[in-house]
Amino acid sequence: MSKLQPVRGTHDLLPADQAIFAHVVETARAVAHTYGYREVATPIFEFTELFARGIGETTDVVSKEMYSFEDRGGESLTLRPELTAGICRAFVSNGLTNELPLKLFTAGAAFRYERPQKGRQRQFHQIDVEVLGAPEPECDVEVISVAADVLERLEILARCELRVNSLGDPESRAAYRKVLVDYYTAHRGRLSEDSIRRLDRNPMRILDSKDEGDRAVNAGAPSLADHLNAASTEFFDAVRRGLDASGIAYKVDRSLVRGLDYYTHTAFEFVTEHLGAQGTVIGGGRYDGLIEQIGGPPTAGIGWAGGIERLMMLANAPPPDDRPIAIVPLGEAAERQALKLAREMRAGGLAIELAYKGNMKRRLQRANKLQASHAVIMGDAELAKGVVALKNLDSGEQREVALDELVDELEVEAMASLSDLLGDVRD
RNA sequence: GCGGCCGUAGCUCAGUUGGUUAGAGCGCCAGAUUGUGAUUCUGGAUGCCGCCGGUUCAAGUCCGGUCGGCCGCCCCA
């Protein structure tokens, strides 16, 4: 084993993995497109300040997980730990205020300095959907619907469960927080160490603690639902009605609290039991205060991010690539002719492997290893007649085909094998 | 950041109570008519036994550290 190692928590995507990765991204992109979302890309690093102000100084993501560094000009920069902040910044930077609502899709790498585990890496990748400037609950429904469709198209929705909650508007949230802190402070002695720390930083997190002692305390804790004001309750009800009408199954989870400070109203997660401790496959929510928080005009926002690596672990293998056709020339004249033929066929969109090394046996072995569907054998005998030998590598059948009819003949063969496949490849 | 398990060919693994040149399967390479593959047969190469240090006459086997992986906590996608 070589001592040349990748950085901890990073991974190479070799062709087989990359095919699944691309399948996930392409599926999400296609679904987002059907909802009218347009793709954007923002830089992979930003001023540290952006994340500190946007995500919240006291969150774990900002306080202990950021890859921050000083550039040569002395600016503090940070590799993005998530994609939302950068999109909001781009919205403000480019003055897109009169293009609202903006429905955006993006995908790319994010970085967090964490201990790697299954479904958790230091460089990971997300697909991401954001809608800016749409404060209506119908938009929450649409955004969740996009996520459900992506999972459906990847054939993993059945193994996931959608959980939704309302964190309320800022007024409700502040009122609840106060009641909650009072309650937990009164029972401080019974809380776990982790939860005592959470008490000043993010008291709502105590609600979904896994500690048994905490759970006992939680049983008597005031409920967020009781502290939502009328507007917040109505908003959440509207979202639920919309999900019902869309036929999207969900479960209200009153303990669902997300770790980033910017969430208001709707918070949701698609979770699965198939990925160990990292069960969240897609997570998101509404963040109406975020853009103002980072210095832009007050603008509503809602979105979600999905972990591509986590989705890859659940998703089925993508449809196979088109199998190549191997051209097997023998002799110098044939090799010259083959170069030209290969270029012409590729220009027509066919995948061509030119087998130019070794004797015929080697060349066919190579064609076979590359899973070529056919070999086009051309030697002196064929050249003289203006034909090639077309060999079907699955059936072993071989026949002579005129050079100028080769492409048509390959099409005929492709149709034939397609109808065979339809017969027996159904899962 | 905290706790547990693990680290032997490209891959999956075996290596007896520490004892000579470290093994298997798969894969890879070559050959069995120098114009016919995927099946078969024969042969071959492959390893700083993760790394550093310690104990010992002797370490892949024991001890410590370190790097990496896996699992859980924290947190999140």
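Chain letters run A, B, ... following the sequence lines, proteins first, then strands; residues in each count from 1.
When distances run from any side-chain atom of A:Gln398 to the nucleotides B:C75, B:U36, B:A38, the shortest one goes to B:U36.
Within 4.0 Å of A:Ala305, counting heavy atoms only, lie sugar-phosphate atoms of the nucleic acid but no base atom. Heavy atoms of A:Ile282 sit under 4.0 angstrom from primed sugar atoms or phosphate atoms, though from no base atom. Looking at heavy-atom distances under 4.0 Å, A:Asp380 makes contact with a base. The residue A:Glu193 sits apart from the nucleic acid: no heavy atom pair falls under 4.0 Å. Among the protein residues, A:Ala375 comes within range of no part of the nucleic acid, since none of its heavy atoms lies under 4.0 Å from any strand. In this structure, A:Lys391 reaches the bases: a heavy-atom distance under 4.0 Å links it to at least one base atom across the strands shown.
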- A correct dot-bracket answer for RNA chain B, with pairs being Watson-Crick or G-U at under 3.5 Å, [ ] for crossing pairs and | for inter-strand pairs, is (((((((..((((.....[...)))).(((((.......))))).....(((((..]....))))))))))))....
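A:Asp169 and A:Ser172 are linked by a side-chain donor-acceptor pair at a separation below 3.5 angstrom, with hydrogens and angles left out of the test.
Between A:Tyr183 and A:His187, a ring centre-to-centre spacing shorter than 6.0 Å is recorded. Residues A:His265 and A:Phe236 place their aromatic rings such that the two centres sit no closer than 6.0 Å.
Only the P atoms considered, B:U16 is 23 Å distant from B:C57, to the nearest whole Å. Spacing between B:A22 and B:G47 at atom P, rounded to whole Å, works out to 11 Å. Between B:G7 and B:A45, the two P atoms lie 28 Å apart (nearest whole Å). B:U8 and B:C51 have their P atoms separated by 10 Å, with the value rounded to a whole Å.
Taking only distance into account, the side chain of A:Lys361 never meets the base of B:U36 through a donor-acceptor pair shorter than 3.5 Å. Residue A:Glu382 places a side-chain atom within donor-acceptor reach of the base of B:G35, judged by atom type and a 3.5 Å distance cut-off alone.
Side-chain N/O atoms of A:Arg197 include none lying less than 4.0 angstrom from OP1 or OP2 on B:G1. In terms of phosphate contacts, A:Arg362 brings no side-chain nitrogen or oxygen within less than 4.0 Å of OP1 or OP2 of B:U36.
Proximity of a side-chain donor or acceptor of A:Ser192 to a complementary backbone N or O of A:Ser195 within less than 3.5 Å is detected. In this structure, A:Arg310 contributes its side chain and A:Gly119 its backbone to a donor-acceptor pair below 3.5 Å.
Ion pairing of A:Lys391 with A:Glu413 is absent here, as no side-chain N (NZ or NE/NH1/NH2) approaches a carboxylate O to less than 4.0 Å. Ion pair A:Arg159/A:Glu273 not flagged as a salt bridge, since none of the NZ, NE, NH1 or NH2 atoms sits closer than 4.0 Å to an Asp/Glu carboxylate oxygen.
For the pair A:Arg89 and A:Phe91, the cation does not sit on the ring face, since its NZ or CZ is not both under 6.0 Å from the ring centre and inside 45° of the axis. Seen from the ring of A:Tyr113, A:Arg122 counts as a face-on cation partner, given the 6.0 Å and 45° thresholds.
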Can you give me the N/O atom pairs linking the protein to nucleotides 66-70 of chain B at distances under 3.5 Å, or say none if there are none?
residue : atom : partner : partner atom : Å
B:C67   : O2'  : A:Gln5  : OE1          : 3.1
B:G69   : OP1  : A:Gly9  : N            : 3.2
B:G69   : OP2  : A:Arg8  : NE           : 2.6

